[in-house]
Amino acid sequence: MEDWEGFIPACRSLRTHSVLLDVLCAMASPLKSLVNDDSRYQKSFQLFLERSSEHQCMQDFIHNKLPDILASIGNGKSHLNVIGVGSGAGEIDLEILSELHMKHPGVTVDNEVVEPSSQQLHNYRVLVSQKPGLDYIKFTWNKMTASGFEEHWKVKKMTKKADFIHMIQMLYYVKDPGATINFFQSLLDKNGKLLIILVSGESGWGKLWRTYRNQLCNTEISQCVTTGDIKSFLDSKGVSYQSYELPSQMDITECFTEGDEKGELLLDFLTEVLDFSKTASPELKAGVMELLRHPDCSVESNGKVIFNNNLGVIVIDQVS
């Protein structure tokens with residue numbers, strides 16, 4: 001089956017790991033996915049943005065850590081090839097390209113955009129048209145999934161190599177994350193880097209998924225995959241990598257007030273279930289609520305319950 005990155009049309013600068021459960025127990029459960037109700041999804045998503053620090057931790061990484069990574073690519077070339085996989089509406093891509101330009105001034109860039117959503121590609125094109133100073137970049141628009149891009153690349157017998165590839169918050173939506181990593185790593189040129197950002201295995205999300213994977217993941221649609229899973233895969237293959245933790249938190253206090261409207265929105269967002277508190281079985285609801293408050297997921301301070309929303313970053317070199 002096709003991979004599903006980009007299945008939910010949301011701006012990637014606004015999209016987070018929280019859109020990782022596209023259809024929750026869709027086959028065997030009365031629970032409905034939150035994405036079936038776009039209005040409620042958008043409300044819960046906006047509330048997540050207000051209650052979490054994820055955007056800030058992503059920005060901090062791009063502006064403070066990523067430049068040193070980008071400085072090591074290119075091997076002195078005057079032209080760089082970049083691939084963005086699951087690029088969404090392009091805000092994050094353009095920030096990355098801006099940092100690349102500052103580290104390699106005067107270098108031209110061929111930027112392959114891989115995104116299956118027509119709307120997202122349109123939004124990306126509009127963003128590019130409105131942003132001055134991008135003459136050094138040639139954009140190639142690929143309306144396709146990661147697996148579609150791989151098939152296209154192989155059919156065309158492409159030999160071009162990439163200096164930098166980024167896959168941000170998208171490996172949840174491929175059928176085989178390991179195979180996807182293997183393919184894109186094989187495209188790296190000398191000194192090339194593959195950047196992966198996912199929810200951290202040490203986050204509350206990781207604990208939630210490890211405990212309720214069967215109830216909260218339809219693996220035909222999405223994978224409850226964390227950077228911990230990716231590290232285990234890379235270790236098993238003997239692949240070296242650099243890793244970073246991006247501290248982030250989310251105030252979920254309102255989830256524990258029965259009937260609180262915002263709390264119920266946040267619960268929907270955490271589980272990706274529409275009206276979770278009303279439709280989940282008493283056993284599932286009790287288990288999830290207990291786990292969300294458990295020290296493995298959250299800390300309690302000054303009357304607030306603060307969920308561990310950490311992200312993880314993995315940087316992989318070309319195949320040695």
Side-chain angles (χ1 to χ4, degrees), residues 8 10-21 24 31 33-35 37-64 91-92 168-169 172 197-212 215-216 224 226-228 244-280 284-313:
I8 301 174
C11 290
R12 195 172 85 190
S13 69
L14 296 179
R15 89 190 250 148
T16 67
H17 52 267
S18 44
V19 287
L20 49 145
L21 304 176
L24 210 48
L31 300 178
S33 171
L34 177 60
V35 300
D37 185 335
D38 186 63
S39 175
R40 188 167 177 85
Y41 174 80
Q42 294 301 331
K43 286 179 183 177
S44 66
F45 182 67
Q46 289 303 317
L47 187 59
F48 166 78
L49 296 181
E50 295 171 15
R51 296 292 187 270
S52 79
S53 62
E54 178 162 309
H55 281 187
Q56 187 59 52
C57 82
M58 188 92 72
Q59 296 290 332
D60 288 347
F61 174 79
I62 289 172
H63 298 302
N64 298 319
E91 290 95 339
I92 294 292
I168 299 175
Q169 297 288 36
Y172 316 111
I197 299 182
L198 287 171
V199 62
S200 168
E202 303 305 312
S203 69
W205 299 96
K207 178 63 175 178
L208 183 63
W209 296 342
R210 285 192 296 273
T211 307
Y212 290 105
Q215 293 95 319
L216 300 183
C224 292
T226 71
T227 51
Y244 307 83
E245 286 284 312
L246 309 186
S248 176
Q249 53 188 223
M250 173 184 177
D251 184 349
I252 62 170
T253 310
E254 292 150 310
C255 294
F256 299 94
T257 301
E258 190 72 31
D260 185 279
E261 181 182 356
K262 290 185 176 179
E264 292 189 352
L265 279 171
L266 287 173
L267 272 176
D268 285 8
F269 197 73
L270 284 161
T271 61
E272 276 294 317
V273 172
L274 180 62
D275 294 321
F276 175 81
S277 64
K278 295 183 178 72
T279 60
L284 178 60
K285 181 181 176 183
V288 168
M289 297 302 291
E290 180 181 359
L291 184 60
L292 287 175
R293 201 162 200 156
H294 191 278
D296 285 346
C297 287
S298 302
V299 297
E300 298 196 39
S301 176
N302 299 321
K304 293 185 178 297
V305 182
I306 307 299
F307 184 74
N308 182 328
N309 190 53
N310 289 4
L311 298 181
V313 178

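- The closest side-chain heavy-atom distance from Thr271 to Tyr212 is not below 4.5 Å.
- Closest heavy-atom contact between Ser203 and Asn310: CB-O, 3.5 Å.
- Not counting sequence neighbours, the partners of Ser53 by the side-chain hydrogen bond (donor to acceptor under 3.5 Å, both in side chains) test are Ser248.
- Taking all atoms of both residues into account, the shortest heavy-atom contact from Glu264 to Gly259 is OE2-CA, 3.6 Å.
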**Item:** Derivation and outcome, side-chain contact (heavy atoms from CB on, under 4.5 Å), residues Val288 and Phe276
**Value:** CA-CA 10 Å; Val288 168; Phe276 175 81; 3.9 Å; yes
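- Closest non-hydrogen pair, Leu267 versus Leu292, comes out as CD2-CD1, 3.8 Å.
- With respect to Arg40 and Asp275, a salt bridge is recorded, a charged nitrogen being found less than 4.0 Å from a carboxylate O.
- Here the closest heavy-atom approach between residue Thr227 and residue Ser200 is recorded as OG1-CA, 3.4 Å.
- No hydrogens or angles considered: nothing links the side chains of His55 and Gln59 as a donor-acceptor pair under 3.5 Å.
- Listed here is the closest heavy atom pair of Leu47 and Leu266: CD2-CG, 3.6 Å.
- For the side chain to side chain contact (heavy atoms under 4.5 Å, CB included) with Arg51, the qualifying choice from Gln46, Lys262, Gln249 is Lys262, the only one to do so.
- In terms of heavy atoms, Ser44 sits closest to Phe269 at OG-CD1, 3.5 Å.
- The CZ atom of Phe307 sits 5.5 Å away from atom CG of Leu270, with the distance rounded to the nearest 0.5 Å.
- Side chain of Arg293 to main chain of Glu300: no donor-acceptor pair is present (N/O by atom type, distance under 3.5 Å, no hydrogens or angles).
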**Prompt:** Given Gln169 and Ile92, is the side-chain contact (heavy atoms from CB on, under 4.5 Å) satisfied, shown in steps?
**Reply:** CA-CA 11 Å; Gln169 297 288 36; Ile92 294 292; over 6 Å; no
